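Structure first, then comments.
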Amino acid sequence: MTGRADANPATRDAAPATAAAATGEAGATSVRLFGWDAARWRWVAAAALLAAALYAPFQLIPFHVFQLTMVLVYAVALLGLNLLVGHAGQISLGHGAFFAVGAYAAAILMERWDTPYPLTLPIAAAVAFVLGLVLGVPAMRLRGLYLALVTLAIAIFLVPLLKRFEEVTGGSMGLTLAKPAPPAWSGLAEDQWIYFLVLAVAVAAFLLAGSLLRSRVGRALHAVRDNEIAAEVMGVRLSFYKTLAFAWSAMFAGAAGCVYTWVIGFVSPDSFTVNLSITLLAGLVVGGLGTMAGPVLGALFVMFVPGISQEINDAAPGVIFGLLIIAVMYVAPTGLAGLAGRLIRKIPRKE
Amino acid sequence: MSALIVENLVAGYGDARVLHGVDLNVGQGEICAILGPNGAGKTTLLRALSGMVKARGTVRLGGTSLAGRSPDAVARLGVAHVPEGRGTFMPLTVEENLRLGAFVRRGKKDVDADLARIHTYFPVLKTRLKQAAGSLSGGEQQMLAIGRALMSRPRVLLLDEPSLGLAPLVTRELFRIVQAVNEEERTTVVVVEQNAHLALGIAQQAHVLETGRIVLSGTAAQIRADEQVAQSYLGYRV
Ligand SMILES: Nc1ncnc2c1ncn2[C@@H]1O[C@H](COP(=O)(O)OP(=O)(O)OP(=O)(O)O)[C@@H](O)[C@H]1O
Ligand SMILES: [Mg+2]
């Protein structure tokens with residue numbers, strides 16, 4: 001009997017993640033409504049949401065289908081950011097850069113090498129992953145404000161870099177591409193087809209992230225987030241798991257960037273300024289850190305709230321946007337997902 | 001046979017040296033108590049053993065040198081450190097905390113079996129498995145911390161003031177369990193304790209640490225018999 005890891009490294013511990021961890025809420029005992037526990041309800045909610053998502057494009061006008069598609073794009077990006085910020089407890093003010101890398105990887109592959117669009121997704125994700133790994137190794141040695149500053153720097157130097165390598169990136173003009181065309185058998189309009197492509201990517205991304213988080217590795221990330229020192233004495237290699245979280249979150253951001261290119265059919269440096277990175281982080285925090293619903297709610301926020309701000313005050317939309325963030329954080333300090341959880345717990349229930 | 005050999009261990013924080021050459025020799029399956037006043041360096045000693053603070057000198061676990069290794073590497077070699085303040089992962093459930101204890105091991109079946117084993121030592125944890133660990137009482141959290149450490153099947157268990165903040169009754173229960181674990185699993189234990197009476201009750205050997213040096217060593221019985229000396233020397237009751 002030794003303390004060494006015994007054989008069979010393939011056996012991944014697949015114990016079901018429990019309610020408190022999945023929602024990231026300290027002290028929350030599991031909610032039971034009509035005899036179903038929180039985990040069961042979560043699946044029901046996810047299934048209902050998926051059913052609505054499958055039905056929606058046949059009921060909405062193309063512009064709204066496009067908006068919904070963009071919500072899914074942002075949801076994938078926020079899902080990645082959530083792995084890093086919400087689950088591993090590290091900060092990134094530069095995740096827009098990985099989104100941009102995915103978007104440009106897809107655009108360049110399609111433009112310069114005529115790569116069929118489905119192939120751009122794994123390549124863009126892989127490029128972002130590797131870049132996340134390379135930048136994550138030094139970045140993840142830093143903490144708190146230092147890490148924030150370095151990730152911010154990544155976002156800042158990206159735009160000039162994209163403009164500089166004009167032959168590849170198209171410079172300030174950007175690159176314009178053909179959008180994925182719906183195959184004849186589908187009978188779908190272009191916007192509907194793209195919507196379903198992105199929906200498939202989003203569902204796959206959520207399933208992948210969910211299984212990552214339920215694995216032994218997911219537990220290690222939570223341990224690092226909740227108590228670094230204790231995690232380390234449990235045998236969790238901090239630098240390894242932080243870097244892995246950084247690379248994964250970059251990978252999801254890259255995948256989101258790739259499908260963004262499919263949706264928009266155009267990339268230019270000015271779409272990926274520091275502003276995007278900040279908005280993503282704000283959206284995630286508003287949506288709810290460390291929850292599965294957080295990225296979806298955050299994506300709705302990222303997609304619609306800037307537009308609403310514009311309508312309220314055309315002159316200074318930023319002011320309204322900022323005020324709305326403050327308002328949400330005042331009402332729901334744990335984000336919209338946390339607020340939803342609190343409201344559900346208010347519903348009277350049988351024990 | 002020695003489980004843990006420490007020679008001339010020097011450690012500190014930055015320029016501030018806290019340990020000035022500590023020697024220990026803990027036999028396989030023994031319980032070793034480290035006593036001493038506040039600020040003596042007891043916590044620092046355990047931290048140096050588990051790699052949490054940089055140290056110079058010899059630390060050998062069986063035939064393996066631990067010197068200069070990172071905490072996660074030391075944990076993988078079989079040293080489980082229950083830190084001062086317990087190191088509970090508050091938002092995670094009790095079960096997740098326990099499973100994290102087995103992080104260095106693979107094989108779900110073994111881990112499940114160990115979970116059951118921990119429940120026999122700490123029945124209260126079994127009824128709290130799905131509860132957030134942060135909602136446990138102090139005593140329960142200490143049990144969780146020890147249970148979590150045992151999940152790694154350690155060769156050496158380092159306990160830092162398990163009695164801290166606990167009621168006397170709970171503390172006694174905790175020490176009884178530590179003794180049971182030691183007897184049944186032959187786990188070597190190094191326990192740092194302010195409550196010398198309890199620690200000496202379960203330990204075979206004991207050392208008194210003062211300002212980073214061991215000033216008194218012997219069997220638990222000897223140290224206990226030395227009460228007079230200890231009392232005048234340390235200024236607190238053994
Ligand atoms: N993280 C730290 N950074 C700097 N100095 C520290 C740190 N931790 C402890 N010290 C110093 O090291 C010395 C020994 O502290 P240590 O915590 O090892 O004592 P202790 O014997 O465990 O005391 P107690 O019984 O109060 O827990 C003290 O003078 C303390 O101020
Ligand atoms: Mg101490």
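Just the heavy atoms: all of them, side chains too, but no hydrogens, waters or symmetry mates, feed the values below. Here is the naming used below: chain letters follow the sequence lines, and residue numbers restart at 1 for every chain. Keep in mind that this is a model prediction, so the values were computed, not measured.
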Quick one: do the B:D160 and B:T43 side chains pair a donor with an acceptor below 3.5 Å?
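Side-chain D/A pair, B:D160 to B:T43: present.
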Does A:S92 use its side chain to pair, donor to acceptor, with the backbone of A:G94 at less than 3.5 Å?
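Between the backbone of A:G94 and the side chain of A:S92 there is a qualifying donor-acceptor contact (under 3.5 Å).
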Using the benzene-type ring in the case of Trp, are the ring centres of A:F246 and A:F98 under 6.0 Å apart?
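Ring centres of A:F98 and A:F246 closer than 6.0 Å.
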With a cut-off of 3.5 Å and sequence neighbours excluded, list every side-chain donor-acceptor pair involving residues 12-19 of chain B.
{"unit_1": "B:Y13", "atom_1": "OH", "unit_2": "B:T44", "atom_2": "OG1", "d": "3.0"}
{"unit_1": "B:Y13", "atom_1": "OH", "unit_2": "B:R47", "atom_2": "NH1", "d": "2.7"}

Could you tell me which residues satisfy side chain to side chain donor-acceptor pair (under 3.5 Å) with B:E183, sequence neighbours excluded, listed by chain and number?
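Testing B:E183 for side chain to side chain donor-acceptor pair (under 3.5 Å), a comparison that skips the adjacent residues, returns none.
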Side chain to side chain donor-acceptor pair (under 3.5 Å) involving A:T279 - partner list, sequence neighbours excluded
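With sequence neighbours excluded, A:T279 shows a side chain to side chain donor-acceptor pair (under 3.5 Å) to no residue whatsoever.
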May I ask you to list the residues in residues 65-74 of chain B that approach chain A closer than 4.5 angstrom, counting heavy atoms only, ordered by number?
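The list, in residue order, reads B:P71, B:D72.
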